[in-house]
Each structure stands twice: as structure tokens, then as C-alpha cells.
Amino acid sequence: MLLATWNVNSLKVRLPHLLTWLQSARPDIVALQETKLVDEAFPTAELEEAGYHCAFAGQKTYNGVAVLSREAITDVVTDLPGYADPQRRVLGCTVGDVRVLNLYVPNGQTVDSEKYHYKLDWLKALEDFCRDELKAHPLMAAVGDFNIAPADRDVHDPDAWRGSVLVSPAEREAFDRLTALGFVDTFRLFNSDGGFYSWWDYRMGGFRRNHGLRIDHVLASKQLAERCLGATIDVEPRTWNRPSDHVPVVARFS
DNA sequence: ATGGTTGCAACGCAA
């Protein structure tokens, strides 16, 4: 079973890339972020034609998440309990025996901004939610654009980034508290090296120079992680014409 | 030198 996450930065623009990638990678479940589409505009017909069921929580212009699955999708939730938020950043659902939580964690903008405090508040609500979800669903994955590079090895220039949003201590502590609930970073089960990134700024030739950050993750509950056979970052779509600034991260399970 | 690119949608905002 292949489980993937991809921040597509506009599903309208990236639909051709997504369809091409679905055909080549053949994932069973794909979590999408930054669809930037209202639900009425979601390309359900094209994706069903490609063999996927769809669940989505969209909004105009910003945010928006979706899950595509070859198997049926049930028990959908689109909010963190007790955290009223008009921004569409959460899609929890069940596929087979696995609970999947698709997350588009707030970016935070800068550490001195209101958006940064929103990010930390949001992560606290996520932690409370995941604590309960893990108890209810021993086989669980929390995937998505976390907008956090967990360690310096996940950052192309740690000294230049020190203290910035996406790497700040408070964000990393929130990420560590989340994993301490009982998640495993599947990529790190198979690769402990630096230099592997899932996002590169569009500006300044970021991808060409591999000036990236590893901020998109497939976290698996301990019981699900026991079934993990591999995890990869597929950088190829970043080489295509008019790419997303993020690439798919994929984990394989038995 | 505090830049730059993209998407949305409207001439700014978010990433």
C-alpha cells in the first residue's frame, strides 16, 4: 500500500501534473494540500476517471485539502475538535483499516507575526486531537505539509535559517510533542542523511541549487510503522514545466 | 543586496 502526500499549490493549475504522477507512481492514497478550490470546483470526474475516490474540504484562493483513494473513503472529518477555523486545513478519514489525517499546517509567515501564534495554537489543537485519534485508531497516519523542518539535517543552510519560521525551536518542540504521542517519521526509518528536501522556494533558483527544506511528512503510528517497507521523496515533478514548489513524499506499507 | 517567484485575483496577499 502506497500512501503519499503532496502540496500541489493550486489543484487547478497542477491537475495535469497530478494525473501524470498518479499514472506513474500508482499510489493507493494521496493527501493533497493547497488545492485552492471551492468544493463545487473540485475535479472529481477527472480523478474518478483516474481510479480514485475523492474527499475534499476546500475554500477559495487559499488552503484546501483533499484525499484521493483507490479504496472507499469513510468517516470524514474536516476540523480539529474545539478549534473553530474557517481555514480548510484538515481532512481526517478512514481507508480500509487505516485512519488517515491529512494536514496543511499553517505556514506562520515570520516568528514575530500573528500568523506564527496561530500556527502554534493550531499545533496545540492538533496535538490534542491526535492524542485521541491514536487511542481510537492504532493504525493511523498523519501526513501533509507540516511547515516544519524537524531538525537541522532537514535544512539546506541551518545557520542561515536559525530561529526562522519553519525551523524555530517552538515549532520543532510542537513537532516533537506530536511524534512523542506515538508517531514515526517514516522517511527517517530508512534515511538518516541530510540533503533530502520536499520544498524549495521558487525564488533564487532554489531547486537548481538544492536550497530546500524537508517540511512534508508521512508520520505513521507505531503499529502502522511496523508495516512500513520504505519511504521516498519523489523530486521528479519539481523538474516538470510549471511545478508546485513541493514534491510528493511517499511511504510504502505491507 | 533584506532581493527573488508563483497563484489567485485584482493591482495586494500568502507562501
Side-chain angles (χ1 to χ4, degrees), chain A residues 5-21 30-43 46-47 56-66 85-91 102-123 126 143-150 154-168 170-172 174-175 197-217 233-249:
Chain A
T5 179
W6 192 5
N7 179 325
V8 292
N9 185 17
S10 169
L11 182 53
K12 179 179 174 157
V13 172
R14 227 66 66 194
L15 183 60
H17 282 198
L18 176 62
L19 292 170
T20 299
W21 187 78
V30 186
L32 304 174
Q33 304 86 37
E34 285 205 88
T35 56
K36 300 186 180 181
L37 284 176
V38 294
D39 291 347
E40 294 70 30
F42 195 87
E46 291 91 333
L47 290 165
F56 39 83
Q59 70 180 86
K60 204 172 101 166
T61 310
Y62 303 117
N63 310 311
V65 286
D85 188 355
Q87 302 192 26
R88 303 292 79 201
R89 298 179 175 277
V90 174
L91 199 151
N102 177 19
L103 306 167
Y104 177 43
V105 177
N107 174 283
Q109 196 162 62
T110 59
V111 293
D112 58 1
S113 73
E114 193 54 48
K115 293 189 178 72
Y116 181 77
H117 296 288
Y118 164 59
K119 180 178 194 173
L120 295 180
D121 288 346
W122 194 96
L123 286 165
L126 175 65
V143 310
D145 177 0
F146 285 75
N147 269 313
I148 300 172
D154 302 311
V155 180
H156 72 89
D157 186 345
D159 290 327
W161 276 86
R162 189 89 49 216
S164 302
V165 74
L166 312 186
V167 310
S168 73
E171 291 165 84
R172 285 177 167 174
F175 185 86
Y197 310 125
S198 65
W199 167 83
W200 302 259
D201 200 298
Y202 281 123
R203 297 166 289 189
M204 301 293 286
F207 181 66
R208 179 175 50 79
R209 301 196 285 174
N210 200 26
H211 286 185
L213 274 70
R214 194 176 69 90
I215 57 177
D216 300 270
H217 308 294
I233 302 174
D234 185 357
V235 299
E236 202 206 327
R238 194 64 163 81
T239 69
W240 297 346
N241 188 45
R242 213 177 169 194
S244 170
D245 44 352
H246 298 250
V247 294
V249 179

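Below, read A as the first sequence line, B as the second, and so on, with proteins coming before strands; counting in each chain starts at 1.
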**OP:** Could you check whether A:F207 gets within reach of a base, just the sugar-phosphate, or nothing at all, counting any heavy atom under 4.0 Å?
**Re:** nothing
Nearest whole angstrom, please: distance from the [atom2] of [N] to the [atom1] of [X].
| X | N | atom1 | atom2 | answer |
| --- | --- | --- | --- | --- |
| A:I148 | B:dA15 | CD1 | P | 14 Å |
| A:R209 | B:dG4 | CZ | P | 14 Å |
| A:W200 | B:dA15 | CH2 | C1' | 16 Å |

**OP:** With sequence neighbours left out, write down each residue that passes side-chain contact (heavy atoms from CB on, under 4.5 Å) with A:Y202, or none if nothing qualifies.
**Re:**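 Only A:N9, A:R14, A:R238, A:D245 meet the side-chain contact (heavy atoms from CB on, under 4.5 Å) criterion with A:Y202.
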Subject >> A:R209: partners by side-chain contact (heavy atoms from CB on, under 4.5 Å), with sequence neighbours left out >> reply: A:M204, A:H211
Under the salt bridge (charged side-chain N to carboxylate O under 4.0 Å, His left out) test, which residues partner [X], sequence neighbours left out?
| X | answer |
| --- | --- |
| A:D201 | A:R203 |
| A:R162 | A:D152, A:D159 |
| A:D154 | A:R188, A:R214 |

Mind checking the [atom1] distance from [N] to [M]? Whole angstroms is fine.
| N | M | atom1 | answer |
| --- | --- | --- | --- |
| B:dA10 | B:dT2 | P | 30 Å |
| B:dC11 | B:dA1 | P | 32 Å |
| B:dA9 | B:dA14 | C1' | 12 Å |

Using the 3.5 Å cut-off, write out each protein N or O paired with an N or O of nucleotides 5-12 of chain B and the distance between them.
| unit_1 | atom_1 | unit_2 | atom_2 | d |
| --- | --- | --- | --- | --- |
| B:dG7 | OP1 | A:R14 | NH1 | 3.1 |
| B:dG7 | OP1 | A:R14 | NH2 | 3.4 |
| B:dG7 | OP1 | A:R242 | NE | 3.3 |
| B:dG7 | OP2 | A:R242 | NE | 3.1 |
| B:dG7 | OP2 | A:R242 | NH2 | 3.2 |
| B:dG7 | O3' | A:S10 | OG | 3.3 |
| B:dC8 | OP1 | A:S10 | OG | 2.3 |
| B:dA9 | OP1 | A:T61 | OG1 | 3.4 |

Original post:
Among residues 115-123 of chain A, which contact DNA chain B at a heavy-atom distance under 4.0 Å?
Top reply: A:K115
Subject >> Bracket notation of DNA chain B in which parentheses pair within the strand, [ ] cross earlier pairs, and | pairs with another strand (Watson-Crick or G-U, under 3.5 Å) >> reply: ....((((...))))
Original post:
Which pairs with one or both residues in residues 103-120 of chain A pass salt bridge (charged side-chain N to carboxylate O under 4.0 Å, His left out), sequence neighbours excluded?
Top reply: A:K119-A:E171
Contacts of [X] that satisfy ring-ring contact (aromatic ring centres under 6.0 Å, His included) - sequence neighbours left out:
| X | answer |
| --- | --- |
| A:F175 | A:F146, A:H217 |
| A:F207 | A:W200 |
| A:Y197 | none |

Original post:
Distance only, no hydrogens: is a donor on one side chain within 3.5 Å (strictly under) of an acceptor on the other, for A:R89 and A:N63?
Top reply: yes
Subject >> Donor on one side chain, acceptor on other, A:W199 and A:D145, under 3.5 Å >> reply: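 On atom types as modelled, these side chains do not qualify, holding no pair under 3.5 Å.
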Original post:
Looking at A:R208, does any N or O in its side chain come under 4.0 Å of the phosphate oxygens OP1/OP2 on B:dG4?
Top reply: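 No.
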